[in-house]
Peer 1: 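Dumping the structure here so I can ask a few things about it.
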Amino acid sequence: MSKVRVRFAPSPTGGLHLGGVRTVLFNYLFARQQGGEFILRIEDTDQTRFVPGAEEYIIECLKWCGITPDEGPGFGGEFGPYRQSERKALYRQYAEQLLVDGYAYYAFDTPEDLEKKRAELPNFQYGHAHRNEMKNSISLSSQEVEELLRNGTPYVIRIKVPQDETVSFDDMIRDEVSFETSLVDDKVLLKADGMPTYHLAVVVDDYLMKITHAFRGEEWLPSAPVHILLWKYLGWENEMPKWAHLPLILKPDGHGKLSKRDGARLGFPVYAMNWTDPKTTELTEGFREIGFLPEAFVNLLAMLGWNDGSDQELFSMDELIEKFSLERVNKSGAKFDFEKAQWYNAEWIKKLDSARLLESIIQIFKSNNIEVTDQGKLSVVIDLVKDRCTLLTDFISQGGYFFENPRVFDFSSVVNKWTSEKVSFFIAYTEILNAITDHSPSNLEVSFKALAEEKGLKIGDVMLPFRIMLVGGKFGPAVFEIASLLGKEETIQRINKGLDMLSREV
RNA sequence: GGCCCGUUCGUCUAGGGGUUAGGACGUUAGAUUUUCAUUCUAGAAACAGGGGUUCGAUUCCCCUACGGGCUACCA
């Protein structure tokens with residue numbers, strides 16, 4: 001068998017959707033596992049929908065996920081160009097070949113003609129039943145057609161779908177799927193602007209690029225018969241790739257495909273990374289920016305529709321490549337569950353070591369005006385607080401106070417029980433901190449407890465105020481770990497500040 | 001409407017002619033943690049319905065219902 005070649009073929013119209021990333025992922029996993037090649041092809045045949053920057057954005061998303069194309073725009077390859085707009089001239093000859101062979105025809109109907117026809121006939125389909133009523137090279141005489149062509153009348157080329165055949169194919173996920181051609185319409189292959197539609201372009205390019213396996217979303221299933229027919233009519237039937245129609249990712253509530261709007265409505269991202277629409281300047285948040293690890297993102301996407309049959313839920317990219325199999329891809333759509341998505345991220349944060357997390361957290365701190373001068377200290381902090389973080393951005397609240405004063409203080413749970421004895425306890429403790437040289441957590445704890453006992457105070461009654469003085473609230477790792485890491489000067493300073501704040505709150 | 005695809009706990013799913021129908025997220029209760037989280041233990045929670053086939057169907061077949069997709073000179 002020839003070498004496996006798969007492609008991801010997005011159209012550069014905006015942010016990259018979850019479902020899109022999952023399609024790439026399955027392509028990529030399959031290609032890597034089979035020792036094949038993964039190709040990126042930009043399907044920009046609709047010039048009216050072209051959005052500048054979208055292509056670069058898509059490539060950046062792939063990079064973030066750890067997916068690198070073997071061929072594609074900017075990646076080289078012998079089958080380029082990899083943007084369909086740059087292949088424009090190529091498609092016409094195939095459309096014309098179909099014309100000559102009688103598998104396609106010219107159609108001169110204007111958009112208004114079609115609109116009118118659809119208004120008249122609610123179930124209108126441009127096909128065997130009605131094509132004779134339309135303005136095309138089947139209904140018109142050859143003289144009329146020539147005349148129209150000579151006058152430069154705009155036209156499209158449509159496939160001539162046979163009246164009474166059954167088209168079936170073997171889907172790698174759904175097994176045999178079949179369609180009656182009587183219900184398939186004569187899709188446009190070449191548009192009036194000379195660009196191919198998806199239907200022509202996908203077949204021509206998959207053929208020319210020697211694609212062996214084609215993965216796409218289930219929403220493409222209804223147009224599969226057109227593509228199968230085209231492979232046949234172009235004489236390439238034996239080289240047709242194996243198809244795999246992936247199940248859809250659905251809205252968590254209600255019904256239907258997950259869309260960008262659902263994310264905004266329900267408060268979670270749908271795009272892989274932040275996307276700013278260049279026209280409206282509207283920003284749509286991405287998984288990367290709200291604090292997802294690419295490891296988690298890839299993992300959760302893979303599990304949406306696939307599993308290895310065991311109870312394992314956490315998979316690295318390498319494990320996925322090793323274990324992925326199309327036979328274990330589900331047929332039915334999956335509702336997206338953001339809670340579970342977050343769980344994957346929390347698991348990956350716990351699983352990865354501080355060295356891997358360091359760089360991203362420095363960046364997040366930086367964009368929140370927290371300056372990190374001591375990376376060694378940050379590593380210690382990461383290990384100390386990572387169990388408490390679900391998103392990378394949680395490190396701001398869970399670890400930021402090691403590098404700057406807490407931004408907010410919540411003394412509400414101690415203010416009512418605040419006494420002058422406690423004040424003198426903390427004053428005395430700052431003196432002890434000044435005096436001792438061993439600032440290890442255990443030694444801090446020993447001296448703290450000894451002092452409390454001496455002053456006749458319950459440990460718990462002074463421990464909580466101490467914590468809040470240091471971190472700003474009722475959270476965080478062991479207090480003496482924090483105090484030790486903060487150092488003598490900083491700890492004393494925060495105690496003094498806390499005493500000051502409490503005296504004003506009481 | 002038509003065509004195509006699908007249907008196991010709330011959600012993601014395992015399983016597959018005879019099982020206490022398993023796991024995970026979430027949820028509930030408890031333990032641990034002098035905070036919060038982690039962790040641990042326990043609990044509630046599912047085979048859409050109806051017909052077949054069969055000694056026996058959640059599992060195989062058919063129908064119905066429900067859900068989803070498509071129905072553009074968009075991909």
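First the proteins, then the strands, lettered A, B, ... as listed; each starts at 1.
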Peer 1: Could you tell me whether D206(A) and R41(A) have a side-chain N and a carboxylate O separated by less than 4.0 Å?
Peer 2: yes
Peer 1: Measure all distances between protein nitrogen or oxygen atoms and nitrogen or oxygen atoms of nucleotides 20-24 of chain B, and list the pairs falling under 3.5 Å.
Peer 2:
| unit_1 | atom_1 | unit_2 | atom_2 | d |
| --- | --- | --- | --- | --- |
| A24(B) | O4' | E313(A) | OE2 | 2.5 |
| A24(B) | O2' | E313(A) | OE2 | 2.8 |
| A24(B) | O2' | K340(A) | NZ | 3.1 |
| A24(B) | N3 | K340(A) | NZ | 3.0 |

Peer 1: Test the R388(A)-F475(A) pair against the cation-pi criterion, namely NZ or CZ under 6.0 angstrom from the six-membered ring centroid and within 45° of the ring axis.
Peer 2: no
Peer 1: Whether N123(A) contacts U71(B) is assessed here as follows: a side-chain N or O lying under 4.0 Å from the phosphate OP1 or OP2. Is that the case?
Peer 2: no
Peer 1: So, K350(A) and E347(A), do they make that salt bridge, N to O below 4.0 Å?
Peer 2: yes
Peer 1: Could you tabulate the donor-acceptor pairs under 3.5 Å formed by side-chain atoms of residues 296-308 of chain A, not counting sequence neighbours?
Peer 2:
| unit_1 | atom_1 | unit_2 | atom_2 | d |
| --- | --- | --- | --- | --- |
| N299(A) | OD1 | F315(A) | N | 3.0 |
| N299(A) | OD1 | W348(A) | NE1 | 2.9 |
| N299(A) | ND2 | E313(A) | O | 3.0 |
| W306(A) | NE1 | S325(A) | O | 3.3 |
| N307(A) | OD1 | G309(A) | N | 2.7 |
| N307(A) | OD1 | R328(A) | NH2 | 3.2 |
| D308(A) | OD1 | S310(A) | N | 2.9 |
| D308(A) | OD1 | S310(A) | OG | 2.7 |
| D308(A) | OD2 | S310(A) | OG | 3.1 |

Peer 1: Which sits closer to the 5' end of RNA chain B, I459(A) or S178(A), going by the nucleotide each is nearest to?
Peer 2: S178(A)
Peer 1: So which nucleotide does U7(B) pair with, by the Watson-Crick or G-U wobble rule with both distances under 3.5 Å?
Peer 2: A65(B)
Peer 1: Applying salt bridge (Lys or Arg N to Asp or Glu O under 4.0 Å) between D205(A) and each of R83(A), R87(A), K88(A), R7(A), report the one that passes.
Peer 2: R87(A)
Peer 1: Report yes if a side-chain nitrogen or oxygen of N330(A) is closer than 4.0 Å to either non-bridging phosphate oxygen (OP1 or OP2) of U7(B); otherwise report no.
Peer 2: no
Peer 1: Restricting to nitrogen or oxygen on both sides, can you table the protein-nucleotides 43-45 of chain B pairs closer than 3.5 Å?
Peer 2:
none

Peer 1: Can you list the steps and then say if F338(A) with L266(A) is a side-chain contact (heavy atoms from CB on, under 4.5 Å)?
Peer 2: CA-CA 9 Å; F338(A) 187 56; L266(A) 273 7; over 6 Å; no
Peer 1: Using 4.0 Å as the upper bound for N to carboxylate O, is an ion pair formed by E453(A) and K449(A)?
Peer 2: no
Peer 1: Run D410(A) and S412(A) through side-chain hydrogen bond (donor to acceptor under 3.5 Å, both in side chains) and show every step you take.
Peer 2: CA-CA 6 Å; D410(A) 178 11; S412(A) 59; 2.6 Å; yes
Peer 1: Just call it for G476(A): base, sugar-phosphate, or nothing, with non-hydrogen atoms closer than 4.0 Å on any strand.
Peer 2: base
Peer 1: A46(B) pairs with which nucleotide, Watson-Crick or G-U wobble, both distances below 3.5 Å?
Peer 2: none
Peer 1: Measuring to OP1 and OP2 of A75(B), would you say a side-chain N or O of K257(A) lies under 4.0 angstrom away?
Peer 2: no
Peer 1: Of all the choices, C70(B), U39(B), G6(B), which nucleotide is nearest to the side chain of E219(A) once you look at every atom?
Peer 2: C70(B)
Peer 1: For V184(A), answer base if it contacts any base atom (sugar-phosphate contacts may also be present), sugar-phosphate if it contacts only those atoms, and nothing otherwise; contact means non-hydrogen atoms under 4.0 Å.
Peer 2: nothing
Peer 1: Among the candidates C12(B), G6(B), C73(B), find the nucleotide nearest to the side-chain atoms of L304(A).
Peer 2: C12(B)
Peer 1: Report yes if the side chains of L384(A) and E481(A) come closer than 4.5 Å at any heavy-atom pair, otherwise no.
Peer 2: yes
Peer 1: Rounded to whole Å, how long is the line connecting atom CG of D387(A) with atom C1' of A37(B)?
Peer 2: 8 Å
Peer 1: Could you state the CG-P distance from L221(A) to G67(B), rounded to the nearest angstrom?
Peer 2: 20 Å
